[in-house]
Protein chains: 2
Amino acid sequence: MSAALPPASIPQEPIDRSDLRADLQPDLLQLGTGEDEPCLRADAARNRARLLEAAAGLVAEHGAAGLTMEAVAAAASVGKGTVFRRFGDRTGLLLALLDHSERKFQAALLSGPAPLGPGAPPVERLHAFGRAMLRRLADELDLQLAAEPGAERRFTSAPRRFLRGHVILLLRQAVPDADCELLAHTLMGYLDPVLVHHLTRQCRVPLDRLEDGWVDLVARVTGTEPPAEP
Amino acid sequence: MSAALPPASIPQEPIDRSDLRADLQPDLLQLGTGEDEPCLRADAARNRARLLEAAAGLVAEHGAAGLTMEAVAAAASVGKGTVFRRFGDRTGLLLALLDHSERKFQAALLSGPAPLGPGAPPVERLHAFGRAMLRRLADELDLQLAAEPGAERRFTSAPRRFLRGHVILLLRQAVPDADCELLAHTLMGYLDPVLVHHLTRQCRVPLDRLEDGWVDLVARVTGTEPPAEP
DNA sequence: AAGTTAAACGGACCTTGGTCCGGATCGCTA
DNA sequence: TAGCGATCCGGACCAAGGTCCGTTTAACTT
């Protein structure tokens with residue numbers, strides 16, 4: 001159905017991790033690292049835990065949007081520099097806060113039950129993926145929004161790269177002769193937390209409509225018939 | 001080809017313009033306002049011009065990314081408060097800098113020659129639209145990037161709304177029984193300056209491939225055959 | 001021409017993310 | 001347990017966007 005584009009893969013800009021604490025990009029694909037820190041000095045690990053706890057508390061209290069780094073530092077009885085050394089920047093801290101949910105979701109994709117996990121046909125998995133993403137975004141929306149990286153890292157943060165990679169894999173199976181990298185960017189754009197926030201919160205679009213929109217989009221992009229609606 | 005979704009339009013969040021200078025959102029669709037300011041006091045108009053000139057100079061010198069509001073104020077021999085009163089915020093200033101190009105593009109869409117302007121079938125106009133957008137982004141990329149609004153306004157700035165509205169109109173003609181608002185968001189996502197920057201600058205994807213990707217995407221979304229490649 | 005008022009001005013001030021480096025700590029080794 | 005180097009800590013410091021409010025001035029009225 002499409003022009004036979006060479007599915008040459010897009011060279012991912014080599015992220016220079018030289019100046020980042022291992023902590024910040026636990027693993028490019030977050031696989032294998034059973035737990036967090038491989039080796040942190042005792043005091044560092046203790047402070048890290050206290051910071052996360054303090055941050056979680058402040059988020060629960062004032063909302064993720066109102067979280068300031070100084071407040072976190074103060075609440076953890078720690079210097080501001082410590083927060084930044086550990087998490088790099090504000091986004092890094094928020095990302096760490098989301099890490100648990102993130103890993104759970106990734107696990108569901110990699111080894112959970114079909115159709116989200118392996119075992120179902122790729123198009124079906126795409127449908128399930130989008131629906132799951134939308135629902136997950138609907139919860140956590142505040143946090144996801146606050147964790148939105150600045151323009152530079154919007155497409156290079158570890159979680160985003162993983163999710164995009166997942167979509168690329170499924171698309172390669174579903175539409176082998178398309179430019180799956182670009183198509184994946186398009187699909188992921190639909191699942192952008194900022195867009196979902198805009199539509200659901202500012203425009204009052206019900207989540208159901210977003211899910212239907214996703215299913216329809218996947219059907220169009222893959223050239224398949226949309227599944228019958230229940 | 002798609003489930004018959006009710007094309008109920010998405011209620012655009014009523015932008016409260018109460019606290020914004022008319023200047024900032026010259027017109028929701030930027031139609032009709034022959035020139036800029038309807039009524040600015042003489043000194044205000046003079047300062048506005050000086051600020052834009054100064055800003056343009058600084059951008060040419062240090063790049064759009066390095067533009068600071070204080071520098072602009074100083075270069076125009078004006079107080080910092082004046083810059084903010086006139087343009088609202090940094091983004092507003094950058095947007096004003098892009099205003100000329102923006103209007104030209106809008107004019108081309110509304111009354112220029114086909115297929116960009118009216119007269120061609122909608123799918124063909126969509127193809128032309130994306131290609132033109134991509135090329136325009138490729139120039140101006142620095143400015144477009146610097147003018148990227150914060151997360152809140154990413155989908156509500158006047159230029160974006162106009163362009164999205166244009167796409168919605170074309171989609172309504174091309175695929176009347178689809179959820180065109182959501183589809184338009186998807187298509188516009190492909191034309192996001194930040195994405196284009198990521199792909200072209202960070203991943204070294206050639207512009208041609210992006211254009212091919214757009215054409216293919218439009219074909220898939222509208223369920224049409226991709227046009228023959230020259 | 002003087003008076004009046006709404007608008008514009010300017011720069012001090014605040015906030016917050018992010019940096020820096022001298023000093024304190026940890027954990028290892030002898 | 002004393003010594004030592006690598007690691008970590010902390011808070012002063014910086015930059016830059018954005019706000020505030022007392023003062024100035026353009027433009028209209030009489």
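Chain A is the first sequence line, chain B the second, and so forth, proteins listed ahead of strands; every chain is numbered from 1. Note that the structure is predicted; figures quoted are calculated from it, not measured.
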Inter-residue atom distance A:L163.CG - A:Q106.CD, 0.5 Å rounding: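 Answer rounded to 0.5 Å: 6.5 Å.
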Identify, between A:T68 and A:G81, the residue whose nearest nucleotide on DNA chain C lies closer to the 5' end.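 It is A:T68 whose nearest nucleotide is closer to the 5' end.
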Under the 3.5 angstrom rule, does the side chain of [X] hit a backbone N or O of [Y] as a donor-acceptor pair?
X: A:R164; Y: A:F155; value: yes
X: A:W214; Y: A:L126; value: yes
X: A:R125; Y: A:G117; value: yes
X: A:Y190; Y: A:L210; value: yes

Round to the nearest Å and state the distance from [X] atom [atom1] to [N] atom [atom2].
X: A:R46; N: C:dG27; atom1: CZ; atom2: C1'; result: 15 Å
X: A:L67; N: C:dT16; atom1: CG; atom2: P; result: 11 Å
X: A:E70; N: C:dT19; atom1: CD; atom2: P; result: 14 Å
X: B:M69; N: D:dG18; atom1: CE; atom2: P; result: 7 Å
X: A:L93; N: C:dT16; atom1: CG; atom2: P; result: 15 Å
X: B:R50; N: C:dA8; atom1: CZ; atom2: P; result: 16 Å
X: A:L40; N: C:dC26; atom1: CG; atom2: C1'; result: 13 Å
X: A:K80; N: C:dG18; atom1: NZ; atom2: P; result: 10 Å

Residue-phosphate contact under 4.0 Å: [X] side-chain N/O, [N] OP1/OP2:
X: A:N47; N: D:dC8; answer: no
X: B:T82; N: C:dG10; answer: yes
X: A:R48; N: D:dC8; answer: no
X: B:R90; N: D:dG17; answer: yes

Among [options], which nucleotide has an atom closest to any side-chain atom of [X]?
X: A:R85; options: C:dC9, D:dG18, D:dG10; value: D:dG10
X: B:D43; options: C:dA8, C:dG17, D:dC8; value: C:dA8
X: B:R86; options: D:dG10, C:dG17, C:dA8; value: C:dA8
X: A:F84; options: D:dA26, C:dG17, D:dC9; value: C:dG17

Quiz question: going by heavy-atom distance under 3.5 Å, is there a donor-acceptor pair between the base of C:dA7 and the side chain of B:R41?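 Between C:dA7 and B:R41, which were checked side chain against base, a qualifying N/O pair under 3.5 Å is present.
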Quick one: on DNA chain D, does B:A42 or A:G79 contact a more 5' nucleotide (nearest heavy atom)?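 Result: A:G79.
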